[in-house]
Amino acid sequence: GAVVHWFKMDLRCNDNRALALASEKAKEAGVPLICMYIVSPQDYEAHLRSPVRVDFMLRTLQVLQEDLAKLDIPLYVEMVEKRKKVPDRILELMEEWGASHLFANMEYEVDELRREAHMVHDLSENGKAFEVVHDTCVVPPGRLHSGSGNQYAVYSPWFRSWVAHIHENLDLLELYEPPGKNPEDARKKFKKLFDCKIPDAPKNKQLSQEEKKRFRALWPPGEHAATDRLAKFCEEKIGKYKEKRNIPSDDGTSSLSVHLSSGTISARTCVRTARNRNKTKKLDGGIEGIQTWISEVAWRDFYKHVLVHWPFVCMNKPFKPEYSNISWSYDEDHFQRWCEGRTGFPIVDAAMRQLNHVGYMHNRCRMIVASFLSKDLLIDWRKGERYFMEHLVDGDFASNNGGWGFSASVGVDPQPYFRIFNPLLQSEKFDPEGEYIRKWVPELKDLDDKEIHDPYGRGAKDKVKKTGYPEQIVEHKEVRDRALSAYKEGIESG
Ligand code: FAD
């Protein structure tokens, strides 16, 4: 016999709830633990997983396989082309291994929930148990209610309730131990599984040699890299996080999103570690940087809770149904220029080039470019949401969908639609010396601190023209009015 843990977005040994439970079960039954990961190219395609993310994940599997091998636990990885075939293949493998129990951490997107509900049923018909458990959020979805018993649709009261709930249930922050060592005969019994090689990326998700070199230097894989990054952030930066988090040229945030979205670190560990550095031990008290950071990690929980309560957000629908009828612009040239960072708005272009070059964008800039696409260009926010998923190393459905909904004013707890970011003011406020712009739009590097935010509008015209940097593709004041009327009309006809 054997017990199986199915890795998905939880690629770590430490503080992994389902893995800890699987290990316990195996020990209790006196059988080995087998770990498994299924690569499904069709699933990656359907969920727009970016090549840089797939590469990060495959490299992480390598680390995980080595770590597990030290515990005599195999990590078996197989490619199953068609996503619909995954459940049957898992059942077949379990039969082959003589396994009676399957464990996994729950994912809350609709496709995954449906698949897992079917699997619980199908496996039980075949005499096997499938335990899918809450793990990814600090507070499992479904636990927090407003006074009237509803799920919160606004972050602040939700956050107060999240904090109070954790304070009352501190076990939510407890660490799950890594799995114990397998019995000695596991290696002999499952030799073939120990020999398993991590496959290359599916054909449609491969990186070029140049991209591999670039991305791999930036995103070291695996949970040790994650733990080191968290430790370093807590040591050096968390204290100043509140002041620095909005300055894109400043490396003031944790850059842990790549790890949180692939599960190389748990949100629980992030919150526990930060809290332990705070003398008050209150999530909403003591050192401000720590409080603020914890409240950002909480946003991740918030958007996952939203997904569970309003699953239609997974189906290309805005959270606010009255925003379904906006007449979007389908200007392909504008969209392409946005994607490539050639809009003539330096802060927007810097941000898009950062995304394209490193697979990551600073949070402030995510808001700026999302607002610019949906309001200034009046392009359907779903096109931007998709482009982000296809390029981010930290692409996460709930956070991305939530961030786009917020910025395009169609989501949960959004900015009101009539509050439209002015890219120039955002640029001057959050990149006052143009440092971020200079880094990502090097053709503007010789402009002075004033010119750089609006090269054609501030007397640098001749200098800039020579560099080939484009003029603004729209006039903010004009398109602002266009957006206001389009949103208003859309809502009124909705
Ligand atoms: P830190 O500032 O150090 O924050 C720590 C962690 O808290 C992050 O790693 C992240 O897990 C979480 N977090 C912080 N801010 C948010 C937020 N606003 N929403 C949800 N979680 C948050 N985040 C993703 O992980 N994946 C996405 O696909 C994604 N898409 C976004 C799209 C838009 C339009 C916007 C506005 C935001 C998006 N975010 C997304 C949220 C946020 O921009 C990133 O999590 C953050 O920039 C990551 O950098 P960091 O790890 O240094 O964050």
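Whatever order the structure lists ligands and atoms in, that order sets their numbers, starting from 1. The model shown is predicted, which means the values in this text are computed figures rather than measured ones.
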When you measure from the heavy atoms of [X] to every atom of ligand 1, does any distance fall below 4.0 Å?
X	value
Ser261	no
Met367	yes
Ser255	yes

When you compare ligand 1 with [X], is there at least one nitrogen or oxygen pair between them that comes in under 3.5 angstrom?
X	result
Leu256	yes
Asn400	yes
Ser254	yes
Trp299	no

So if I count the atoms of ligand 1 from 1 in the order they appear, which ones are less than 4.0 Å from some heavy atom of [X]?
X	answer
Arg300	11 (O), 20 (C), 21 (N)
Tyr303	19 (N), 20 (C)
Gly395	28 (O)

Could you name the option among [options] that has the heavy atom nearest to [atom]?
atom	options	result
atom 34 (C) of ligand 1	Ser374, Gly252, Gly403, Gly384	Gly403
atom 5 (C) of ligand 1	Phe233, Tyr241, Trp293	Trp293
atom 47 (O) of ligand 1	Ile368, Asn246, Asn363, Val393	Asn363
atom 12 (C) of ligand 1	Arg366, Glu296, Glu385	Glu296

Quick check on salt bridge (charged side-chain N to carboxylate O under 4.0 Å, His left out): which of Lys232, Arg229, Lys237 does Asp251 satisfy it with?
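Of Lys232, Arg229, Lys237, salt bridge (charged side-chain N to carboxylate O under 4.0 Å, His left out) with Asp251 is met by Lys237 alone.
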Taking the side chain as every heavy atom from C-beta outward, state whether [X] and [Y] have any pair of such atoms under 4.5 Å apart.
X	Y	result
Thr136	Asp10	no
Ile290	Tyr241	no
His305	Leu144	yes

Pair [X] + [Y], salt bridge at N-O below 4.0 Å:
X	Y	result
Lys304	Asp396	yes
Asp481	Lys477	no
Glu332	Lys383	yes

Select one of side chain, backbone, both or neither to describe which atoms of [X] lie under 4.0 Å from any atom of ligand 1, heavy atoms only.
X	result
Leu260	side chain
Ser257	both
Phe406	neither
Val258	neither
Tyr360	side chain

Which residue and heavy atom of the protein sit nearest [atom], plus the separation:
atom	answer
atom 28 (O) of ligand 1	Asp396 N, 3.0 Å
atom 26 (N) of ligand 1	Asp394 O, 2.8 Å
atom 20 (C) of ligand 1	Ser399 OG, 3.5 Å

Would you sort out whether Phe103 and Trp6 count as a ring-ring contact (aromatic ring centres under 6.0 Å, His included), showing the intermediate values?
CA-CA 6 Å; Phe103 285 82; Trp6 176 18; over 10 Å; no
Using 30° and 60° as the class limits, which term best fits the ring planes of Phe159 and Tyr155: parallel, tilted or perpendicular?
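Ring orientation, 0 to 90° scale: parallel.
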For Ser327 versus Leu378, what's the shortest heavy-atom pair and its separation?
O-CD2, 3.7 Å
Cation-pi between Lys375 and Tyr487: NZ/CZ under 6.0 Å from ring centre and within 45° of the ring axis?
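Judged by the rule, Lys375 and Tyr487 form a cation-pi pair.
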Is the NZ or CZ atom of Arg366 positioned over Tyr360's six-membered ring, under 6.0 angstrom from the centre and within 45° of the axis?
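Yes, Arg366 sits over the ring of Tyr360.
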Return yes if some donor-acceptor pair links the side-chain N/O of Lys282 with the main-chain N/O of Arg275 below 3.5 Å, else return no.
no
